[in-house]
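Here is the structure we will look at, set down as structure tokens.
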Amino acid sequence: MRLPKFEYFEPETLEEALRLLAEWRERVCVLAGGTDVLVKMRNGRLKPGAVIALERISSLNGIGFDLRKGLTIGAGAKLSDVTSHPDILRYYPAIARAARVMANVQVRNMGTIGGNLCNAAPSAENAPPLMALGAVVTAASLEEERRITLDDFFRGPGLTAMKPEEIMTSIFVPTPPANSGASYQRISARCGVDIAAVSVGAMIMIEDTVCREVRIALGAVAPVPMRALSAEAFLKEKVWSEEFLREAARISADESRPISDVRASLEFRKQMVAVMTQRALEEAYGRAIKR
Amino acid sequence: MESRFKIVGQDVPRTDAEVKARGKALYTDDMKLPGMLHGQILRSPLAHARIKHIDTRRALGLPGVKAVITGQDTPKIKYGNWRLFPDTQDEYPLAVDKVRFIGDEVAAVAAIDRDTAEEAMELIEVEYEELPAVFDVDLSIKPGAPVIHDYCPTNISVNRKIKYGDVEKGFAESDYVREDIFNTHSVSHAYLEPCSALAQVDLDGRITLWTSTQVPYIVQCLLASTLNMRENDIRVIKPFVGGGFGGKMELRAWEFCAAFLARQTGCPVKFTLTREEEFITGRRRHPMKIYSKVGFRKDGTLVAKDLKIQLDGGAYNAMGPTATFLCGNFGAMLYRYPNYRFHGEHIYTNKPPASAMRGFGAPQSLYATEIQMNMAAEELGIDPIDLRLKNAQVSGDEIPDVATISSSGFIDCIKAVAEMSDWKEKRKSLPAGRGIGIGCYSFISGGVFNWFNTQYPFSAAEVRVFSDGTAHLLTMASDIGQGSDTVLKQILAEELGLKMGDIRMTSADTSMTPQADLGSWGSRVTLMAGNAVIDAAKKIKEPLFGAVSARFNLNVIHDIECVNGRVQSKSRPDYGLTFGEAVAMVQKANRGEPLVARGSYTPRGKGLVTPAFGFGAQVAEVDVDKETGLVEVKHMWTAHDCGTVINPRSVEGQLAGSIQMGLGYALSEQFVMDGGKTLNTNFVDYKMPTASDMPPSELFHVETYEPEGPMGAKEAGEGLASPTAPAISDAVYHATGYRCMDLPITPEKILRNLKKNK
């Protein structure tokens with residue numbers, strides 16, 4: 001379909017972008033890679049009066065790691081940069097994996113991690129591992145900069161906690177605690193070029209075989225990426241065992257709220273939440289005791 | 001063994017490889033003509049409805065819109081590929097009275113650009129009277145079901161019966177009889193190049209149509225009849241085509257609309273479908289409900305088979321009649337059935353029409369055959385390999401009313417694939433969750449039955465040779481990516497002793513290449529067009545041989561040959577001329593007339609099905625994740641008999657493509673439907689396997705020589721589309737105990753079954 005007429009801006013600084021955003025408010029659309037926005041504009045689901053492209057704002061594109069503090073990924077970092085960053089590969093393999101298995105080469109070369117989160121699809125691949133690792137995003141407006149935990153970020157399909165005058169600038173992920181490990185698991189019908197029917201991110205910290213910290217996040221099984229809080233509570237402070245693991249996986253399936261759609265049925269998704277949760281926890285545990 | 005051929009059988013690079021790899025090959029949608037308009041088709045949002053009124057005035061008023069047409073503007077002439085039986089021609093280029101599926105073509109627009117054409121679509125107002133619709137074959141044939149076509153009150157548009165021997169007596173004499181019902185599903189051809197057609201009208205009113213088609217000749221004839229024009233006033237040219245797989249073998253609405261609108265506006269008009277349109281309305285493989293009853297003796301000898309197949313044809317016949325005939329023929333192929341009965345019914349429903357798709361009824365029919373063989377093997381306590389060896393068709397076997405099989409390497413294929421895969425050992429010793437399974441096929445090398453009712457030869461070739469030692473091959477045969485241009489050149493180069501680079505080729509242009517060629521389908525091109533090329537080459541060689549004999553005053557017992565760019569005596573190569581010199585001599589002897597010859601091929605004395613049969617066997621090894629139900633195909637082994645292998649790499653390409661399609665058919669591809677509505681209309685949700693899903697694969701050619709084929713060759717393109725699904729299915733059964741009776745094999749079905757068996 002014909003792209004509707006719109007103004008196009010390519011600001012070079014964040015401030016300039018924020019000013020444009022404040023000026024255009026609801027009639028504007030921020031373009032961080034375009035792999036979702038342009039598709040929506042093409043099929044007429046999105047008709048912005050203006051588009052602000054963030055690509056030229058170099059301060060948004062970096063990836064930095066500090067062992068004492070953690071990882072800061074610029075919201076404009078390309079997914080392909082995330083998958084190949086040495087510190088991410090070493091300290092955050094679950095994040096690297098999520099960015100690597102999603103979509104296809106072309107989309108990963110254009111798409112950004114911030115864009116994937118702001119698009120707020122229930123199946124957003126990067127959300128579960130980031131949530132499991134306690135990620136916090138920074139949103140900036142002309143007035144302030146505020147931090148939103150990823151747990152509080154998603155509000156519904158396509159809806160986030162960001163205000164219309166805000167731009168996501170970065171995603172911060174704390175350094176994983178000692179004796180912890182994380183994992184990302186997904187299921188889809190083919191090896192690649194696919195959207196996960198179910199995905200799970202998990203982080204676990206083990207002290208003397210006891211699970212001191214557990215975080216489980218589920219993708220594509222609710223209107224938003226969600227934490228499996230009951231499963232986490234069940235496993236916390238328990239001695240790691242096959243039996244508890246299976247029970248945690250079962251609880252996680254229970255608390256998921258999937259629907260049936262073209263990709264999978266509700267029943268299958270629930271079953272897969274259990275399997276993927278178990279596998280994610282197992283891999284996370286394996287990584288935790290190795291560190 | 002040293003090959004008797006110099007170019008045939010060699011690893012000759014495909015003539016289209018480089019231009020495609022460089023991205024320089026021109027497909028229809030790449031073409032732009034001055035003043036060209038862009039077309040769009042308005043499609044029905046309803047599965048079954050009467051069109052009460054169409055108002056195109058607002059669309060016509062949109063700046064940039066040059067024309068809007070509906071069925072009422074057209075000559076209202078129905079078309080269909082089965083010209084021999086005009087009753088079966090059930091489709092209008094644009095709906096006249098009713099729409100019969102979601103996506104049925106209702107109106108067309110030509111505008112200065114695509115966006116304008118799309119906007120105009122939204123301004124066309126159609127008033128429908130919705131009718132009850134039916135989406136299931138069982139409901140469609142019930143009394144009182146909605147009638148989809150007035151001419152066909154039962155909704156059963158084709159009835160096909162085959163019978164030989166005495167089936168009842170056969171079952172009575174059998175020690176073991178089993179009866180099963182299989183259901184197969186619909187899948188998409190998913191060719192990478194969406195359909196596209198560009199029409200231009202000259203000042204005399206003649207039409208040139210460039211179109212992405214497998215059948216330029218059929219498009220030419222049917223376009224002429226639907227436009228009420230003469231065939232010779234229509235020229236159809238097939239540019240590079242990005243795959244067809246049976247989905248581009250009919251006249252289609254956009255081809256008609258491009259031509260009609262070009263005539264009306266005086267401007268060239270192009271239509272290119274979107275992928276969504278392809279998925280919503282493109283042809284698809286027939287879902288079939290297959291009732292199969294087979295009887296064996298205790299020792300595994302087949303005695304009788306009773307097969308009933310209901311094809312869900314969707315809203316129009318398309319190539320359904322052929323599929324209905326062929327699935328019954330495939331039911332009697334592969335093994336010896338002394339007593340056989342078949343009843344096929346082609347049934348209308350309000351779904352997108354099914355049509356030909358790689359295998360043309362065989363993937364469905366043989367899925368049932370092969371799974372049932374394995375079920376019987378298990379009950380009879382015979383290894384599936386041994387049961388097949390016992391019943392395999394061999395050279396000289398006669399299929400009653402069909403043909404005598406002139407060459408079959410089937411037994412060697414079964415043996416080879418069993419050995420390659422270490423079948424006996426793996427069948428015994430694979431751990432739980434791992435499995436190995438077998439599927440086999442036999443396939444036709446082109447069809448004999450002249451449903452198109454052509455008055456021309458089935459294939460034709462013209463060869464022109466020149467005094468510079470080159471040749472020009474002209475044929476209407478259509479290279480749609482399968483490599484026929486390369487193969488036909490190879491055959492001519494072999495016959496004339498020339499190099500590939502010496503041959504210029506013009507193909508698939510209905511006004512420049514000799515009449516006719518029925519197109520690329522049914523794995524017919526290598527055999528039929530190949531034979532036509534040989535026929536023409538022989539007629540070229542005759543005068544060349546004469547010239548050399550005369551020039552060197554050769555004794556009449558000398559054999560003369562064309563080899564290495566020369567025409568010479570076989571026993572005394574020094575008695576010879578270069579190819580070009582020989583051509584010049586013939587011309588001089590004939591007052592300068594160019595040396596040109598025409599050859600053709602039409603099967604004779606080969607029954608009504610096919611002149612030759614390909615065979616093969618395939619083994620798959622799978623790993624099934626018992627928690628997720630996901631199947632990973634670990635390895636495929638294939639042994640096949642395509643007669644003489646003309647181009648080994650092309651055959652390997654056919655195999656790889658077949659495995660890719662077979663994987664999708666078995667495991668991941670399906671249309672998710674809500675009544676008549678297709679829900680998964682993009683490649684994210686239509687799960688076609690990708691390169692990373694492809695298993696490692698090994699191939700063994702069983703060399704036979706097919707007497708009816710060019711240089712001994714027969715089909716290699718479609719037979720291979722059949723064995724992959726049953727082989728994977730059988731391997732999944734071996735791994736998990738889940739026997740798939742209704743394709744596809746989904747993780748959910750596997751898990752449900754594992755739960756049940758617990």
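Atom set for the values below is all heavy atoms of this structure, side chains included, hydrogens, waters and symmetry mates excluded. Here is how names work: the chains are called A, B, and so on, in the same order as the sequence lines, proteins then strands, and each is numbered from 1.
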Scored by heavy-atom pairs under 4.5 Å with chain A, the best of B:T274, B:D674, B:N680, B:L630 is B:L630
Per-residue contact mode, B:M121 against chain A (heavy atom under 4.5 angstrom)
neither
Any idea which of B:D113, B:V672, B:V631 has the most non-hydrogen atom pairs under 4.5 angstrom with chain A?
B:V672
Which atoms form the tightest heavy-atom contact between B:L679 and A:V262, and what is the distance?
CB-CG1, 3.5 Å
If you round to the nearest 0.5 Å, how far is CD of A:Q271 from CD of B:E627?
10.5 Å
Contacting moiety of B:F671, where chain A heavy atoms sit under 4.5 Å:
neither
Under a 4.5 Å heavy-atom cut-off, does chain A meet the side chain of B:D625, its backbone, both or neither?
side chain
Heavy-atom count around A:K78 NZ within 6.0 Å, excluding the residue itself: above 12?
yes
Segment of A:V275 engaging chain B (4.5 angstrom heavy-atom cut-off):
side chain
B:E125: side chain to side chain donor-acceptor pair (under 3.5 Å) partners, not counting sequence neighbours
B:R58
Distance from A:D194 atom CG to B:D693 atom CG, nearest 0.5 Å?
9.0 Å
Can you measure from CD (B:E276) to CG (A:N43) and round to the nearest 0.5 angstrom?
8.5 Å
Hey, what do you get for CZ (A:F268) to CZ (B:R752), rounding to the nearest 0.5 Å?
10.5 Å
Cut-off 4.5 Å, heavy atoms of chain A, and the answer for B:L667 is neither
Within 6.0 Å of NZ in B:K626, more than 12 heavy atoms from elsewhere:
yes
Would you compute the distance between atom CE of A:M272 and atom OG1 of B:T628 and round it to the nearest 0.5 angstrom?
6.0 Å
Check the surroundings of atom NZ in B:K687: do more than 12 heavy atoms from other residues, nucleotides or ligands lie under 6.0 Å from it?
yes
Chain A contact via B:T116 - side chain, backbone, both or neither, heavy atoms under 4.5 Å:
both
Reported CG-to-OG1 distance for the pair A:N104 and B:T690, which is rounded to 0.5 angstrom
10.0 Å
Is A:S265 close to chain B through its backbone or its side chain, or both, or neither, when contacts mean heavy atoms under 4.5 Å?
both
Interface moiety of B:E669 toward chain A, non-hydrogen atoms closer than 4.5 Å
neither
